[in-house]
Amino acid sequence: MAMYDADPIPTRRPVAHDELPQLEPGDHVRLQGIPGDLPSHAQLEGAYGRVVHVAGASVMLEMDEPYTAGGLTHRMFYGSPYQLKKVEPVGRMGARNLFDDSDDA
């Protein structure tokens, strides 16, 4: 028999969810971990990029360093906000922005 309007089952400890970064075009981000299980994804671990376009749970990045996939060199990468960490600028050197690359975790 189904239990309609049943009380929620209490958990032992509260479930903590990480807050997703609110990304906008132009934001600088860093990939957290390896984004997939393909051999080309291993070279993207910890890579930096700039957000070009955000559409729902899909983020298009222009990577700072090119990567090779399928024998071709790419600069654009499609990821999700779950894989990204927003990186804040800490200063400038000439006309170039400098970003904090320390690991907070």
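For clarity, every value in this text was computed on a predicted model and none was experimentally measured.
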Pair Leu84-Leu61, side-chain contact (heavy atoms from CB on, under 4.5 Å): steps then yes or no: CA-CA 10 Å; Leu84 305 174; Leu61 303 173; 3.7 Å; yes
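Note that CZ of Arg50 is 9.0 Å distant from CE of Met60, once rounded to the nearest 0.5 Å.
In this structure, His53 places its NE2 atom where only 12 or fewer heavy-atom neighbours from other residues, nucleotides or ligands lie under 6.0 Å away.
Looking at Arg30, its side chain does come within 3.5 Å of a backbone N or O of Gly46 through a donor-acceptor pair. Looking at Arg75, its side chain does come within 3.5 Å of a backbone N or O of Asp64 through a donor-acceptor pair. A distance-only check finds no donor-acceptor pair linking the side chain of Glu65 to the backbone of Ala47 [under 3.5 Å].
When all heavy atoms are compared, the tightest approach of Pro21 to Pro81 is CD-O, 3.7 Å. Residues Ala57 and Ser80 share a closest heavy-atom pair of O-CB, 3.4 Å. Scanning both residues, Val29 and Lys86, for their nearest heavy atoms gives CG1-CA, 4.2 Å.
Residues Leu23 and Leu44 share a hydrophobic cluster, clusters being chains of Ile/Leu/Val/Met/Phe/Trp/Tyr side chains in contact below 4.5 Å.
Contact of the His41 side chain with the Gln43 side chain is not registered, since no non-hydrogen atoms from C-beta on lie closer than 4.5 Å. Using a 4.5 Å heavy-atom threshold, the side chains of Met76 and Met63 count as separate. Annotation: side chain of Gln83 is not in contact with side chain of Gln32 (no heavy-atom distance under 4.5 Å).
The aromatic rings of Tyr67 and Phe77 lie perpendicular to each other, with more than 60° between the two planes, well past the 30° mark.
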